[in-house]
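Since the structure comes first, as structure tokens, the remarks are kept for the end.
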Protein chains: 2
Amino acid sequence: MEQHRPVFIDSETVVSERPRDHKDELRLWLRLLTCTTLVEDDIRSRLRARFDVTLPRFDLMAQLHKTPQGMTLGQLSSRMMVSNGNLTALVERLVDAGQIERRVSETDRRVVLVALTPSGEAAFSDMAREHGDWIAGLLAGLSKGDIEQLMHLLDKLKISARSAMQAARHRTAP
Amino acid sequence: MEQHRPVFIDSETVVSERPRDHKDELRLWLRLLTCTTLVEDDIRSRLRARFDVTLPRFDLMAQLHKTPQGMTLGQLSSRMMVSNGNLTALVERLVDAGQIERRVSETDRRVVLVALTPSGEAAFSDMAREHGDWIAGLLAGLSKGDIEQLMHLLDKLKISARSAMQAARHRTAP
DNA sequence: GGCTGATAGTTTAAGCTTAAAATAATCGCG
DNA sequence: CGCGATTATTTTAAGCTTAAACTATCAGCC
């Protein structure tokens, strides 16, 4: 028969509880994943059909658009939450396409700065306008209040996840 | 200057509104994506570290676990929301690893049925238990009520997105 | 029986993604 | 100053992912 096991909630709290299936949490996680995948796949296919651009390229350009003075690869990889090595090839392809430009920092020659070219900026502006409409259309079934509530709850979720990950990291590598 | 443009909400409703930046909707979408990526990356790395298994393999096994009699590749691809061609290689690797087995349907030789092997079932059970704990840990900062509310709002979001996609499909290919 | 169209999977080419190892430049500190 | 640690990026190998083209099979219809 199963026994009670310790469940670590964060670095300070250890509660002993009877083993559970965590059914509600799992269902919530699956629903979250479903929603994200649904929206992401739709946006991906529209970007391809309408602008012949991939989602990762759009995302990268969106980051650069928010930071006109350019960003380092390190900043980009942490903002986009993708691995560092991933960006090397992605940036390379966008440079080849003339949408972005890279230059090595003069003060620290390890650092590579990336920024939109004027043509990349123009292309992104076109895409961003429609992208915004698409997102708004996908979320049109939610009221202002729904959006606000979701925002708040997802913020709570984000904080919870980060704190749990932080705690796990401390236990794994003290 | 910008002009008012029609915004299609669904197949019946067309509202004319001044062009907006849809800022709240975009922020919500980015937050949703952040939350999902956060959890997904954490689970991915734990699965790798603890069980040396990739997330797609875990997901596939989870689907088969829910349906012990096995599934066709078509069912799998629609439940997992991945492309059909994707599964061919994924299934191949799991067959090689002895975790699942495939057999051609006897009544329809186009159809391929896939199911967990006993060893795959055992391996999945071990992983699923810890996976559940990890998810519960990541969501530990949410109350029961938060989870219920999120569930409800995400359900609304899912319905909204599906309906917008449905409507777009009708306009694109009537 | 033999078309015709639809359905289930596979293949292919290109691109994305990660983890881990390697490279290269800078920083801190004695 | 010089050397070990740190930091930023690239490289590599494996695997995931998609879209589109292709193959094989089936179902219906005459």
Side-chain angles (χ1 to χ4, degrees), chain A residues 33 36-38 40-61 63 70-97 99-100 102-114 172, chain B residues 33 36-38 40-61 70-97 99-100 102-114:
Chain A
L33 187 54
T36 299
T37 305
L38 212 53
E40 199 170 19
D41 285 358
D42 185 63
I43 296 298
R44 184 199 318 284
S45 85
R46 296 209 214 200
L47 281 173
R48 169 179 295 267
R50 181 78 177 79
F51 297 110
D52 192 30
V53 76
T54 64
L55 186 51
R57 290 182 197 199
F58 178 82
D59 286 344
L60 194 155
M61 294 174 78
Q63 291 297 332
M71 303 175 74
T72 69
L73 290 188
Q75 289 172 316
L76 260 180
S77 92
S78 94
R79 301 247 181 118
M80 296 176 68
M81 298 200 281
V82 300
S83 70
N84 221 319
N86 191 357
L87 285 181
T88 298
L90 189 54
V91 163
E92 180 61 23
R93 280 184 285 264
L94 278 168
V95 168
D96 288 350
Q99 309 273 271
I100 67 177
R102 40 188 309 176
R103 61 178 194 286
V104 174
S105 161
E106 294 183 4
T107 61
D108 184 340
R109 288 211 300 280
R110 292 170 304 179
V111 170
V112 177
L113 287 159
V114 190
T172 306
Chain B
L33 187 56
T36 300
T37 305
L38 211 53
E40 199 171 18
D41 286 359
D42 185 63
I43 297 298
R44 184 201 317 286
S45 85
R46 294 209 215 202
L47 282 173
R48 170 180 294 271
R50 179 77 177 79
F51 297 110
D52 192 29
V53 76
T54 65
L55 186 51
R57 290 183 197 198
F58 178 82
D59 287 344
L60 195 155
M61 294 174 78
M71 304 174 74
T72 70
L73 289 188
Q75 290 173 313
L76 258 182
S77 92
S78 93
R79 301 247 180 118
M80 294 176 70
M81 298 201 281
V82 300
S83 69
N84 220 318
N86 190 356
L87 284 180
T88 298
L90 189 54
V91 163
E92 180 61 22
R93 279 186 285 264
L94 277 167
V95 167
D96 288 350
Q99 308 274 272
I100 67 178
R102 43 188 304 173
R103 60 180 194 286
V104 173
S105 160
E106 294 184 2
T107 62
D108 183 342
R109 288 210 301 280
R110 292 169 303 178
V111 171
V112 176
L113 289 158
V114 191

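Labels below follow one simple rule: chain letters A, B, ... track the order of the sequence lines, proteins then strands, and each chain is numbered from 1. Keep in mind it's a predicted model, so treat the numbers as computed, not measured.
Considering OG1 of A/Thr72 and CZ of A/Arg110, their distance stands at 11.0 Å, rounded to 0.5 Å. Note that CD of A/Gln99 is 4.0 Å distant from CE of A/Met61, once rounded to the nearest 0.5 Å. Note: A/Asp59 CG to A/Ile43 CD1 = 10.5 Å, rounded to the nearest 0.5 Å. Taking CG of B/Leu94 as the start and CG of B/Leu60 as the end, the distance is 6.0 Å to the nearest 0.5 Å. One distance of note links OG of A/Ser83 with CG of B/Asp41; it measures 9.5 Å at 0.5 Å rounding.
Among the atoms of the strands shown, none is found under 4.0 Å from any heavy atom of A/Ser77. Counting non-hydrogen atoms under 4.0 angstrom, B/Leu90 reaches the backbone sugars and phosphates but no base.
Note on A/Arg93: every side-chain N or O is 4.0 Å or more away from OP1 and OP2 of C/dA14. Remark: B/Thr54 is in phosphate contact with D/dC16, judged by side-chain N or O atoms under 4.0 Å from OP1 or OP2.
In this structure, CG of B/Asp42 is placed 14 Å from P of C/dT18, rounded to the nearest angstrom. Atom CZ of A/Arg57 is separated from atom C1' of D/dT18 by 14 Å (rounded to the nearest Å). In this structure, A/Arg109 atom CZ and C/dT23 atom P are separated by 19 Å, rounded to whole Å. As rounded to whole Å, 15 Å separates atom P of D/dA14 from atom CG of B/Asp96. At whole-Å resolution of the value, CZ in A/Phe58 and P in C/dC16 are 15 Å apart. Remark: P of C/dA14 and CD of A/Glu92 are 17 Å apart, rounded to the nearest angstrom. Distance CG (B/Asp41) to P (D/dC16): 15 Å, rounded to an integer number of Å. Distance A/Asp59 CG to C/dG15 P: 17 Å, rounded to the nearest Å.
Nearest heavy atoms, A/Val104 versus A/Arg109: CG1-O, 3.6 Å.
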Show me the protein contacts with nucleotides 8-10 of chain C, counting only N or O atoms at under 3.5 Å.
from   : atom 1 : to       : atom 2 : distance (Å)
C/dG9  : OP1    : B/Leu73  : N      : 3.2
C/dG9  : OP1    : B/Val112 : N      : 3.0
C/dG9  : OP1    : B/Val112 : O      : 3.2
C/dG9  : OP2    : B/Gly74  : N      : 2.7
C/dT10 : OP1    : B/Arg102 : NH2    : 2.5
C/dT10 : OP2    : B/Thr88  : OG1    : 2.9

Any chance you could lay out the salt bridge (Lys or Arg N to Asp or Glu O under 4.0 Å) test for B/Arg93 and B/Asp96, step after step, and finish with the verdict?
CA-CA 5 Å; B/Arg93 279 186 285 264; B/Asp96 288 350; over 6 Å; no
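Annotation: side chain of A/Leu38 is not in contact with side chain of A/Asp42 (no heavy-atom distance under 4.5 Å).
For the pair A/Met80 and A/Thr107, both in contact range of DNA chain C, the more 5′-proximal nearest nucleotide belongs to A/Met80.
The only member of B/Asn86, B/Val112, B/Leu87 that meets side-chain contact (heavy atoms from CB on, under 4.5 Å) when paired with B/Leu76 is B/Leu87.
Less than 4.0 Å separates DNA chain D from at least one heavy atom of each of the following residues of residues 44-51 of chain A: A/Arg48.
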